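Okay, structure first, notes after.
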Amino acid sequence: MTKMTKAQLVDENIALRYDLSLLEAKVAALRAERIVRSAEPRRPAFEECVVSTYTKRDGSRWNKVRIGYNLFVHRPARVFHVVAGKYDGDEENCKFSDVRYTLEEAEALLLTVSDYPWSRIEAV
């Protein structure tokens, strides 16, 4: 270390204090911003989403669902039955029935059988 005069030491001390006051002001601003952010409503980090769909040996279909960071559950896949038919008196007579695994496919199939007196999608 080189020798410094008293005036140089005082100047360096003032500069260091000035730097510290700037840092303290930045920390206070960041703390205030953090408080404002914590007051905002938070959305969940991971919303449930289907990662994959697979078929077991018994023929049942299952979904692998992400429920968190590196957390998964296995749930039975939703099945959509598309049924259509006519009326025999007061009773429904089913003439068409098919299974789809996505709602979009079921809706497309429903459009093809819309000429029956009644047609619907049943979610199972």
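Treat the numbers as computed from the prediction; the structure is a model and nothing was measured. FYI, the numbering just counts along the sequence from 1.
- A salt bridge links Arg120 with Glu122; the closest basic N to acidic carboxylate O contact falls under 4.0 Å.
- In plain terms, the two heavy atoms of Val83 and Ser97 that are nearest each other are CG1-OG, 3.8 Å.
- A perpendicular orientation is assigned to the rings of Tyr54 and His74, their planes being inclined by more than 60° (bins at 30° and 60°).
- The minimum heavy-atom distance between Thr53 and Arg61, with the atom names listed, is CG2-NH2, 3.3 Å.
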Original post:
Does the pair Phe96 and Val82 meet the rule for a side chain to side chain contact (heavy atoms under 4.5 Å, CB included), with working shown?
Top reply: CA-CA 8 Å; Phe96 177 84; Val82 179; 4.2 Å; yes
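- Nearest heavy-atom pair across Arg75 and Val65 is NH1-CG1, 4.1 Å.
- Note on Val73: it clusters hydrophobically with Leu71, by side-chain heavy-atom contacts below 4.5 Å among ILVMFWY residues.
- Of all the heavy atoms in Phe72 and Val51, the pair that sits closest is CE2-CG2, 3.8 Å.
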**OP:** Just do the side chain to side chain contact (heavy atoms under 4.5 Å, CB included) check on His81 and Asp98 with the steps written out, would you?
**Re:** CA-CA 6 Å; His81 291 275; Asp98 202 357; over 6 Å; no
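- Tyr101 has its side chain within reach of Val79: a pair of non-hydrogen atoms, C-beta onward, lies under 4.5 Å apart.
- With hydrogens and angles disregarded, a donor-acceptor distance shorter than 3.5 Å links the side chain of Asp58 to the backbone of Ser60.
- Screening Leu109, Thr102, Leu103 for a side chain to side chain contact (heavy atoms under 4.5 Å, CB included) involving Glu105 leaves a single residue, Thr102.
- Shown here for Tyr116 and Ala84, the closest heavy-atom pair between the two residues is CD1-CB, 3.7 Å.
- Panel note: side chain Trp118, backbone Glu92; no donor-acceptor pair is recorded below 3.5 Å.
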